[in-house]
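Notes to accompany the following structure.
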Number of protein chains: 2
Amino acid sequence: MATDVTGPESVSSTRSVGCTTPYRVDLPVLHVGVVRERADAARNRLRVLAAAERLFAERGVEGVTMDEVAATAGVGKGTLYRRFVDKGGLAVALLDERERDLQQRILTGPPPLGPGADPADRLAAFVADYLSFVDRQLDLVLLSETATPGARLRTGAHAFWRQHCRYLLREARAPQPDLRADLLLASLAADQVRHWLHDEHRNLDDLAVGLSAIALVLAQPHPRRT
Amino acid sequence: MATDVTGPESVSSTRSVGCTTPYRVDLPVLHVGVVRERADAARNRLRVLAAAERLFAERGVEGVTMDEVAATAGVGKGTLYRRFVDKGGLAVALLDERERDLQQRILTGPPPLGPGADPADRLAAFVADYLSFVDRQLDLVLLSETATPGARLRTGAHAFWRQHCRYLLREARAPQPDLRADLLLASLAADQVRHWLHDEHRNLDDLAVGLSAIALVLAQPHPRRT
DNA sequence: GGCGCATGCGGACTAGAGTCCGGTCATGGC
DNA sequence: GCCATGACCGGACTCTAGTCCGCATGCGCC
């Protein structure tokens, strides 16, 4: 259901990097030393990830069964499910690494995405960049969000994005920052993005411009009636 | 996948009621006389719907299998799937009737939901009422939206809600009416609503107030920067 | 270096969604 | 009223996600 990628590299999941953004996201973090990952477990985890990545790339996320992933990785199904709670969990694990880049640019990169710019502009930049990220990883994100109902709202990554949006909206003095953050992220769900891009054949850049504009509206300090 | 409820009562699905709302939603409508539903088919359709309704009420949507629905209705699985493309389709069919009321109130009911009020206010009223509808039918709506990825955006009912929001936003002279309509509806997806209500334990009325306020902001004619 | 045990492993098993196809029987034309 | 047609019926079948439990083994302790 959620991230379960215990193991060495999860240590870097201590996402509260020392930076200007004054919040800390609580993510499942392995307390190294308390529980060490066994050597065979680590080896198998890497194998599974590699196998999944290759198979997904070759035949698409939908065209690959969990049995195949297990077989290709040379691992039993039990092992597969022990580590990655379900197919969505596997997607989350694969996505994890690819999200790092965007997260780093948000936390420490140059404006307008990174710290320094006006919060509303940062929000607009985030919307555009996140949209582009979803577009590039569409199948994986879709899987991670729809594997189980509500999955979208439970991943560690989602907590990060939400926290970031809330922070920016609060900084911008927008009313109901939490609700508005959820609203924005709901519209960036893989399902919706895929519909805009593939079913309605909207242009990615136009969409980014449009959504950024709406982000600016949502970041306004006060509602205005005519 | 989508609505497939052919049959007599679908005739009333000719949703373009003679009213002040100047749009017509194209829904799968049975052209009576061209194709008549066979008597046995109609009987079975009713049986299935009744059985599903009862079972869902008794044991919850998740606790009922399609086999059980078929068995209880005294019908084979093939028959079940012929009519209701998948489990989500069954939910759509059950929802269909319950959505009518809201749709009628939108098209011909009193303001602020119905015609006559300011478009922005109508939009706010719609958001509140739709939210309440989703809350009451949460399991069914969730099923209908998540049975298959993208299902949410493909139902006839969704086309209706979207069309209505677009119309109101256009009337209100809001920029990007189509995008804003999708944004609003995305945030009213069952998944999100359930999360707000059940996981975060938000109060339904507070949520309605909050979302209505955001609807008003989105219906503003021009974005304003400070 | 050896021992005991917690942890991890893996494949057989279950369950439920959705498909298929041979048989049946309303329906409309004559 | 009878017949040809094709829509309809139903249950056996497939396919895949996810579970379970006995066995193996890495790891910390003595």
Side-chain angles (χ1 to χ4, degrees), chain A residues 1-2 4-8 30 32-48 51-52 55-56 59-92 143-144 146-149 151, chain B residues 1-2 4-8 30 32-48 51-52 55-56 59-92 143-144 146-149 151:
Chain A
M1 220 153 274
D4 188 25
V5 205
T6 46
L30 176 73
V32 184
V34 177
V35 184
R36 262 281 290 292
E37 184 185 38
R38 257 166 64 166
D40 52 348
R43 190 195 58 216
N44 283 340
R45 181 171 46 76
L46 261 22
R47 273 192 196 168
V48 167
L55 288 175
F56 286 170
R59 307 213 299 278
V61 171
E62 284 302 307
V64 178
T65 72
M66 289 299 262
D67 292 78
E68 285 174 317
V69 173
T72 306
V75 144
K77 280 189 79 175
T79 305
L80 185 53
Y81 277 99
R82 154 173 308 276
R83 236 149 245 302
F84 310 99
V85 182
D86 56 17
K87 204 175 178 183
L90 192 50
V92 168
L143 177 57
S144 77
T146 57
T148 196
Chain B
M1 218 153 275
D4 188 26
V5 205
T6 47
L30 176 73
V32 185
V34 178
V35 184
R36 260 279 291 291
E37 185 186 37
R38 261 167 59 167
D40 50 351
R43 190 195 57 217
N44 283 340
R45 181 170 46 75
L46 259 23
R47 272 192 196 170
V48 167
L55 288 175
F56 285 169
R59 306 213 302 277
V61 172
E62 284 302 307
V64 178
T65 70
M66 289 298 263
D67 293 76
E68 285 175 315
V69 174
T72 305
V75 145
K77 281 188 77 174
T79 305
L80 185 53
Y81 278 99
R82 156 174 307 277
R83 235 150 247 300
F84 309 99
V85 184
D86 55 18
K87 206 176 178 183
L90 191 49
V92 168
L143 177 58
S144 78
T146 57
T148 197

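First the proteins, then the strands, lettered A, B, ... as listed; each starts at 1.
- Look at CZ on B:Arg83: it is 16 Å from P on C:dT19, rounded to the nearest Å.
- Neither OP1 nor OP2 of C:dG10 sits under 4.0 Å from any side-chain N or O of A:Lys77.
- Across all non-hydrogen atoms, the minimal contact from B:Val69 to B:Ala52 is CG1-CB, 4.2 Å.
- Bounding nucleotides for the chain A contact on DNA chain D, 5' to 3', at a heavy-atom distance below 4.0 Å, are D:dT16 to D:dC27.
- For B:Arg59, the salt bridge (charged side-chain N to carboxylate O under 4.0 Å, His left out) partners at least two apart in sequence or on another chain are B:Glu68.
- Scanning for side-chain contact (heavy atoms from CB on, under 4.5 Å) contacts around A:Ala91 gives A:Leu140, A:Leu143, A:Ser144, with sequence neighbours left out.
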Could you pull out the protein-nucleic contacts involving nucleotides 21-28 of chain C (nitrogen or oxygen on both sides, under 3.5 Å)?
from	atom 1	to	atom 2	distance (Å)
C:dT27	OP1	B:Ala39	N	3.1

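- The salt bridge (charged side-chain N to carboxylate O under 4.0 Å, His left out) search around A:Lys77 returns A:Asp67, not counting sequence neighbours.
- Taking each heavy atom of B:Asp86 and B:Tyr81 in turn, the nearest pair found is CA-CE2, 4.0 Å.
- A straight line from OH of A:Tyr81 to P of C:dG11 spans 15 Å, rounded to a whole angstrom.
- Heavy-atom distances under 4.0 Å link DNA chain D to no residue of residues 65-73 of chain B.
- The side chain of A:Asn44 places an N or O atom within less than 4.0 Å of a non-bridging phosphate oxygen (OP1 or OP2) of C:dC9.
- In this structure, B:Arg82 CZ and B:Arg45 CZ are separated by 14.0 Å, a value rounded to the nearest 0.5 Å.
- When each of B:Leu90, B:Thr72, B:Thr79 is paired with B:Val48, the side chain to side chain contact (heavy atoms under 4.5 Å, CB included) condition holds for B:Leu90 and for no other.
- Along DNA chain C, the nucleotide closest to B:Lys87 and the one closest to A:Thr79 are compared, and the more 5′ of them pairs with A:Thr79.
- To the nearest 0.5 Å, the span separating CG on A:Leu55 from CE on A:Met66 amounts to 11.5 Å.
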